[in-house]
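Proteins come first, then strands; the chains are lettered A, B, ... in the order of their sequence lines, and each starts at number 1.
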Amino acid sequence: MQQANLEGIFEEFLNKESVFLNKDSLSIRYTPENIPHRDVQISGVAKVLASCLRLERPSNLFIYGKTGTGKTLVVQKVCHQLEATALKKEVPLKIIYVNCKMRRVADTEYRLVAQLAREVGHEVPATGLPTDEVYKTFFNSIDDKKQIIIIVLDEIDWLVKKSGDEVLYNLTRVNQELKNAQVCIVGISNDVTFMEDVDPRVKSSLGEEELVFPPYDALQIKDILAERSKIAFVEGAVDEVVISKCAAYAARDHGDARRALDLLRVASELADRDGVGNIAEEHVDLAEDKIERDNIFEIVKHLPTQSQIVLYAGLVLDDTDKQPFFTGDLFNIYNELCDRIGLKILTQRRISDLIGELDMLGLFTAKVISKGRYGRTREVRMGINGGTVGKVKELLESQLGF
DNA sequence: CGAGATTCATGTGAAGTATACCTTTAGGCTTAA
DNA sequence: AAGCCTAAAGGTATACTTCACATGAATCTCGTA
């Protein structure tokens with residue numbers, strides 16, 4: 001009986017007409033042929049980096065703009081082209097791309113440099129070595145021949161927020177130590193104000209050239225979506241109205257094209273699953289919830305256990321009544337929870353830091369306030385909205401074993 | 001009544017500790033001449 | 001004697017703890033109008 005059912009599902013799936021031609025083109029990893037409305041930025045980046053084709057070190061470049069304004073995409077695009085040209089002209093050029101936000105990959109000085117070393121083919125242990133040693137490993141392996149290295153540090157603001165700007169200082173100085181190779185650094189930041197509280201030496205050196213990516217407006221996002229959907233969907237699967245809606249939603253908060261693409265992709269997946277031949281407006285609404293949920297799930301799932309418990313404690317408090325709550329309240333609940341599942345209780349000092357981290361991830365919204373006579377504390381609210389809370393709670397319960 | 005002192009709960013920085021892992025080194029064992 | 005293996009010694013990064021001091025506005029205190 002069940003077997004037959006399964007078979008039925010598969011059969012149906014195969015017979016069903018899919019809305020997709022090439023679903024990949026909606027994914028964030030996809031690099032499209034041309035990037036609409038970013039000509040200025042593309043040529044800006046290209047002009048700066050082009051000098052490496054003459055074996056001259058390009059100026060360091062610092063790029064900032066909000067999420068989903070195409071920073072990463074543009075840089076990657078230019079880099080690909082550059083690599084291709086360099087290959088043709090036999091210019092020794094290497095481009096290293098590192099995303100600093102990756103947990104446990106590049107979020108400390110040591111780990112970043114270790115990652116760089118790995119990118120040039122030197123396995124480096126996760127701990128144990130002096131940081132200088134790792135620097136040396138990296139330098140030596142790039143300095144063995146004349147070449148230009150372009151290091152792209154994406155989400156560089158994270159790295160600095162977590163472990164200070166010393167890394168950047170060291171990296172911007174590397175050229176003095178290298179005999180053959182030359183290094184150019186491209187920093188990409190979502191935080192527009194990030195440069196303000198950075199060592200002025202780093203600032204002047206990293207910001208030799210600066211480029212701002214303004215947010216897209218609704219019309220531009222529409223263009224982008226239209227372009228991609230030509231590749232992604234079969235004829236007539238997606239309606240003008242749907243695209244407008246996605247664009248409008250995304251433009252509503254700071255012109256985030258990535259969000260628009262996500263909306264369209266998820267909406268179309270939902271439509272596909274429903275087995276209807278085209279995407280309807282309500283699919284977009286459903287998609288909006290789902291994306292928010294999925295993003296949060298992804299973050300929560302990979303949180304260290306202790307942070308998960310702190311988050312769960314927040315959810316418990318959120319459930320009762322108080323919304324904002326304070327560090328002390330949270331710590332009490334946290335204690336009970338740890339007791340319940342027999343986990344080691346960390347100090348309040350540490351929890352305070354963990355709350356800070358959850359705040360950075362957007363799961364909490366925490367603000368240090370003074371309650372006058374009644375002390376100073378963090379005022380914490382949940383950064384997760386209504387419908388998702390329950391699901392996150394379920395997820396945590398199953399992961400933590402409540 | 002208002003200026004200044006007090007107070008509370010916790011933020012925050014610095015230094016210390018435990019753990020896991022790394023390299024170096026010295027000693028011991030094996031092996032081959 | 002040379003080569004190889006092993007275990008101890010000495011070192012590091014990271015996550016966490018301990019200690020001590022900093023914060024900042026509501027509240028208290030006390031001098032003054």
Note to self: Taking ring pair (Phe, Tyr, Trp, His ring centres under 6.0 Å) as the definition, give me every residue that meets it alongside A:F326, ordered by chain and number, with sequence neighbours left out.
What the structure shows: none
Next item on the list: Name the nucleic acid region contacted by A:L330, choosing base, sugar-phosphate or nothing; use a 4.0 angstrom heavy-atom cut-off, strictly under.
Entry: nothing
Item checked: ring pair (Phe, Tyr, Trp, His ring centres under 6.0 Å) partners of A:Y30, counting only residues at least two apart -> none
Check: How would you list, by chain and number, every residue that makes a side chain to side chain contact (heavy atoms under 4.5 Å, CB included) with A:V368, sequence neighbours excluded?
Finding: A:R376, A:R378
Next item on the list: Can you run down the salt bridge (Lys or Arg N to Asp or Glu O under 4.0 Å) pairs that involve residues 380-402 of chain A, sequence neighbours left out, and say none if there aren't any?
Entry: A:D319-A:K393, A:E379-A:R381
Checklist line | Interatomic distance where CD belongs to A:E109 and P belongs to C:dT12 [whole Å] | finding: 14 Å
Check: Any ring-ring contact (aromatic ring centres under 6.0 Å, His included) pairs touching residues 54-74 of chain A, not counting sequence neighbours?
Finding: A:F62-A:Y64, A:F62-A:F194
Note to self: Is the distance from the ring center of A:Y312 to that of A:F402 below 6.0 Å?
What the structure shows: yes
Check: Pairs in or reaching into residues 154-168 of chain A: which pass salt bridge (Lys or Arg N to Asp or Glu O under 4.0 Å), with residues at least two apart or in two chains?
Finding: A:D107-A:K162, A:K161-A:D191
Margin query: Under 4.0 Å from a heavy atom of chain A: give me the 5'-most and 3'-most nucleotides of DNA chain B that qualify.
Written below: B:dT7 to B:dT23
Check: Among residues 111-130 of chain A, which contact DNA chain C at a heavy-atom distance under 4.0 Å?
Finding: A:R111, A:T127, A:G128, A:L129, A:P130
Item checked: Basic-acidic side-chain contact under 4.0 Å: A:E288, A:K245 -> no
Margin query: For DNA chain C, which residues of residues 346-362 of chain A approach it to below 4.0 angstrom with any heavy atom?
Written below: A:L346, A:T347, A:R349, A:R350
Margin query: Using a strict threshold of under 4.0 Å (side-chain N to carboxylate O), is an ion pair present between A:R265 and A:E269?
Written below: yes
Check: Does the pair A:D256/A:R258 count as a salt bridge with the N-to-O cut at 4.0 Å?
Finding: no
Notebook entry, point to check: Roughly how many Å is it from CG in A:D107 to P in C:dA13, rounded to a whole number?
Noted result: 15 Å
Checklist line | Heavy-atom protein contacts under 4.0 Å, nucleotides 21-26 of chain C, coded B base, S sugar-phosphate only, - none | finding: --BBBB
Can you give each donor-acceptor pair under 3.5 Å made by side-chain atoms of residues 83-93 of chain A, sequence neighbours left out, with the distance rounded to 0.1 Å?
| unit_1 | atom_1 | unit_2 | atom_2 | d |
| --- | --- | --- | --- | --- |
| A:T85 | OG1 | A:Q81 | O | 2.8 |

Notebook entry, point to check: Quick one: does NZ or CZ of A:R259 land under 6.0 Å from the six-membered ring centre of A:Y249, within 45 degrees of the ring axis?
Noted result: no
Check: salt bridge (Lys or Arg N to Asp or Glu O under 4.0 Å): which pairs involve residues 212-232 of chain A, sequence neighbours left out?
Finding: A:K222-A:E240
